[in-house]
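A short write-up of the structure that comes next.
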Amino acid sequence: MFHPRPPISPLEHSSFQACGGVRLRLVPTPLCNDVVLMEMGICLQVAVVGISYRGIASSTVVEVFGRTSEGLSVVVLVHGMRPWLEVSRPGPPQSVNAAEIERLRGVRHVVDVQGPVEKQTEQGMKPVWRVYVEQPYHVPRVRDSLEGRWLTHSSDIVFGQRLLLDLDLSLHIGVEGELIAATPEAAARMGIEPPLEEDEELLLAGASGRYPSDLIVRSNVEDLRHIEPFIAPLTTLSFDLETSIQHGTVLCAAAVLRTKDGDIEATFTGTEKEIIGDFIDFVRESDPDIITGYNIDNFDLPVLERRIEAMPAKERLKLALGRVPLDDDRGKPNRSSSRWWRCTGRVIMDAWWEARMALRPERESLSHVSQLLFPDQMEKRKMDVDASRMDEEWQERPDVVLEYCLQDAKLPLDILDAIAAQRRSESLGAVAKVPLETAVNGTTSQWIDSLLVRLAERSQIVVPRTKGQRSSESTEGGYVHDVKMGLSTWIVVLDFKSMYPSIMIEHNVCSTTRTDDGNKASHVAPTGAMFVDKKERLGLIPQILTDLMESRDFHKEQMRLAEKDENNHQHAFHDRLQESVKILMNSFYGVLASSFYRFTHPDLGASITAWARRKVRDIIMQLTAEGSEVIYSDTDSIFVAVPMEERPPPAKPPLDEDLEIWEEARRSMIAYGENLAERYSSSGEMLEFEKGLTAFFSHGAKKRYVGRVVYPQFETIVRGYEPRRTDGFPIQSKTLEVMFEHLLDDKLEMAIELALETIRRLKFGEVDPRDLVISRSCKGRVDKNNGNIDFTKDYVNPASLAHVQTAMKRIERGLTFTPGMKVSWIVTDARTSPMTVEPYLVDETGGEPPEPDYSFYTRRLATALGRITEAFGWTAGDLVAGTRQTTLFSFQE
DNA sequence: AACTGTGGCAAGTAGT
DNA sequence: ACTACTTGCCACAGTT
């Protein structure tokens with residue numbers, strides 16, 4: 001049983017007219033001459049959640065699933081799209097006789113051949129024909145049957161994406177069309193009578209049965225257009241199942257739908273079939289854009305699939321969670337080969353995965369992540385249901401379990417809201433011009449394809465296929481300068497602005513501009529790779545990156561304006577957009593350096609990094625030559641010591657007199673940074689003064705340093721060291737964090753004191769075992785047949801690894817383990833080989849923590865702290881002993 | 001029997 | 001999407 005949906009408050013009619021409103025007209029239909037059907041012209045702004053398509057007779061209807069700016073769910077049935085691919089003759093340009101084209105027309109499933117059009121191919125300009133085929137799935141078949149006689153282009157683009165590419169649309173689209181069906185509530189909201197819902201009408205529109213959306217609109221390709229991004233009132237449904245440990249059956253379930261108007265909660269009880277059936281009904285009725293839950297990818301969705309599979313064939317339910325008619329098989333979520341579940345018309349977004357990516361928590365249990373995000377609210381959440389005794393709990397107090405289940409359904413929504421996961425994805429989709437689904441679950445290559453393919457096709461450049469194999473050779477990457485060991489004071493950090501994108505723009509780096517002809521080359525990389533001049537041909541990638549840079553500047557400007565107006569909403573909106581642009585720009589280098597991307601060549605990635613290394617090394621050499629000291633550098637950043645006659649102590653002093661000296665040093669540091677940035681910036685490359693530090697410390701290892709930033713704002717940065725890592729143990733991170741603060745204040749004695757005291761306490765076991773928990777992610781493969789986990793595919797010697805040992809012990813004790821999840825343990829005996837560890841389960845099942853091997857932890861902590869203190873003459877051994885082994889040699893150091 | 005050094009595996013981070 | 005780099009542990013070989 002579930003609570004019914006409360007009525008939706010009617011919207012004001014005027015707000016709907018902003019985008020054209022609703023027109024009514026009476027027209028005779030061709031199907032039934034004597035009946036006059038009402039046909040309603042409608043104009044909508046839609047955020048595209050997902051795109052699919054269906055073949056109808058000899059044409060294809062594209063289904064665009066989304067949410068309107070007014071908050072209604074909609075499926076737009078777009079007519080007039082025809083699947084196609086392009087062909088050209090292999091080899092150098094040559095004449096093609098008409099008979100050859102006629103043969104092409106005769107190929108099975110080919111509907112039409114058009115052209116030729118002169119296009120740029122890998123072998124120069126060539127005539128290219130466009131071959132239209134019956135259905136999208138015929139594209140690969142025709143492609144393969146033409147193998148050898150023709151080269152094919154644009155022949156592996158998924159048809160759903162085709163709509164956005166051909167019409168140059170993004171996530172937010174304007175739609176004009178005919179309203180052919182609406183739920184009574186939706187009609188009421190729009191202030192109209194719902195249209196007649198006759199089967200013929202839906203069939204005419206290319207639908208079979210009822211889509212679960214509020215509106216069904218029929219449209220034509222010509223009636224879709226690009227619109228500016230808006231914040232869509234997306235809806236999210238979260239759910240949680242409680243299952244029997246003994247039988248694996250579903251005991252109860254809960255779901256919460258979150259809209260901009262609030263939450264609707266539902267709980268499900270009864271027989272397993274009733275629970276699952278009612279849950280499916282609730283999903284279809286509430287028609288959310290996003291389905292979420294905690295670890296649904298690896299738990300709840302597989303459980304639903306398995307339990308339905310276990311039902312007798314006759315009365316088996318359909319797991320129709322998708323936005324398609326009930327009898328349409330595409331409604332069932334599937335995860336074919338991919339790590340992600342897909343479900344037609346909706347996005348499946350696992351709050352576990354999103355939280356993991358956004359927060360990088362040390363432990364990943366729902367309770368730990370909630371604690372992290374909502375420390376105050378967690379008081380309310382009573383952990384009084386013992387999940388390891390679920391069957392008994394359900395027997396004894398079902399209402400408590402149901403309440404617990406509802407809580408667990410609701411938390412994922414709060415988590416996603418707290419990290420703004422949906423909004424971020426919407427922004428990324430708007431920038432990469434892909435549906436929400438691709439923004440959430442797609443790969444970077446899909447986002448970049450979306451921009452690159454559409455520009456190539458507009459620029460009369462053929463689109464190559466994604467390459468099959470990966471080469472064994474890897475490209476040399478960025479340059480990392482040796483870091484000076486110890487404490488340095490008064491440092492400026494200079495950064496190249498968007499270094500790799502700038503290089504790509506400056507040197508016109510693109511697969512379409514690369515050349516082997518030395519006469520044509522105007523850009524020669526340090527590796528010898530050559531690229532033509534911009535005037536000869538402007539590369540696709542430089543064009544896109546230039547646009548992206550401009551759009552980032554635009555959104556940053558809008559942020560400034562919003563800030564001035566104190567419009568937080570607008571500020572956050574543009575901040576997300578500029579952030580998405582940045583993410584996208586930085587992804588370009590990655591796909592270009594990958595060997596299987598369609599628009600790349602091994603020269604590209606190698607040239608970019610080679611130019612970058614040269615640029616950074618040149619500046620380091622010049623700085624060194626002029627007497628400045630370079631402390632560190634990684635890829636695009638340079639840390640330079642500010643030249644000063646006398647270096648004031650780094651800590652901001654309380655005394656007036658000293659404070660003035662300190663402030664003066666800070667001012668001269670800023671001036672020096674700005675001066676360097678200006679001197680080393682040319683038109684093509686921008687070196688920016690990014691940060692000013694009073695103190696910088698490293699023990700001498702690259703990518704590991706801490707710094708006290710005093711410009712542009714005050715903060716402490718820690719890079720690479722244990723406090724940044726999720727696989728250390730808490731006391732290690734906490735101690736180092738405080739020690740770093742002391743070091744940066746130039747309070748060496750306090751840092752050493754803390755190290756000695758913490759090690760002493762640990763040696764005598766005077767610490768909370770919680771501070772000794774180590775967590776790491778663990779791989780493994782699930783055996784399809786028996787559900788067992790196989791570790792041997794991922795690990796050479798699984799049993800010798802502490803995290804695998806922990807995972808195995810969890811499984812032994814009947815606890816969940818899903819490949820990729822983090823497991824937590826305490827080392828109980830390090831004298832054995834491999835060391836003995838015990839899972840730490842206090843958060844999950846309660847009980848006593850395992851007895852730690854304190855001597856192991858003492859040694860590990862001493863090693864970590866000793867690395868730092870060794871810069872000041874205290875080795876790890878000295879820290880454990882509690883005294884420094886002073887020798888003549890150590891004094892000389 | 002207890003160290004010490006080394007190569008290999010694995011995870012995680014810093015940077016794009 | 002990519003490379004550079006550090007660290008921890010194990011297995012093994014070679015000392016002390």
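In what follows, chains carry the letters A, B, and so on, assigned in the order in which the sequence lines appear, proteins first and then strands, with residues in each chain numbered from 1.
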Across the strands shown, which category fits [X] at heavy-atom distances under 4.0 angstrom: base, sugar-phosphate, nothing?
X	result
Arg360(A)	sugar-phosphate
Ser498(A)	nothing
Gly477(A)	sugar-phosphate
Lys703(A)	base
Met835(A)	sugar-phosphate
Phe496(A)	nothing
Arg867(A)	sugar-phosphate
Gly605(A)	nothing
Thr609(A)	nothing
His699(A)	sugar-phosphate
Phe856(A)	sugar-phosphate
Tyr597(A)	nothing
Thr475(A)	sugar-phosphate
Arg719(A)	sugar-phosphate

Task: Glu426(A) with Arg576(A): basic N within carboxylate O range, under 4.0 Å - done: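 So Glu426(A) does not pair with Arg576(A) through a salt bridge.
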- [ ] Before accepting this row, confirm whether a basic side-chain N of the pair Glu629(A)/Lys484(A) lies closer than 4.0 Å to the acidic partner's carboxylate O.
- [x]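 A salt bridge links Glu629(A) with Lys484(A).
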Open item on the list: Quick check on the 6.0 Å ring-centre criterion: do His699(A) and Tyr705(A) meet it?
Closed with: no
TODO: Verify whether the ring centers belonging to His803(A) and Tyr795(A) lie closer than 6.0 Å.
DONE: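 Close enough - the centres of the two rings lie under 6.0 Å apart.
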TODO: Tell me which nucleotide among dT16(B), dC10(C), dC2(C) gets nearest to the side chain of Asp636(A).
DONE: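 Per side-chain heavy atoms of Asp636(A), the pick is dT16(B).
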TODO: Taking the six-membered ring of Phe696(A) (Phe, Tyr or Trp), confirm whether the NZ or CZ of Arg708(A) is under 6.0 Å from its centre and within 45° of its axis.
DONE: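 Verdict for Phe696(A): no cation-pi partner in Arg708(A).
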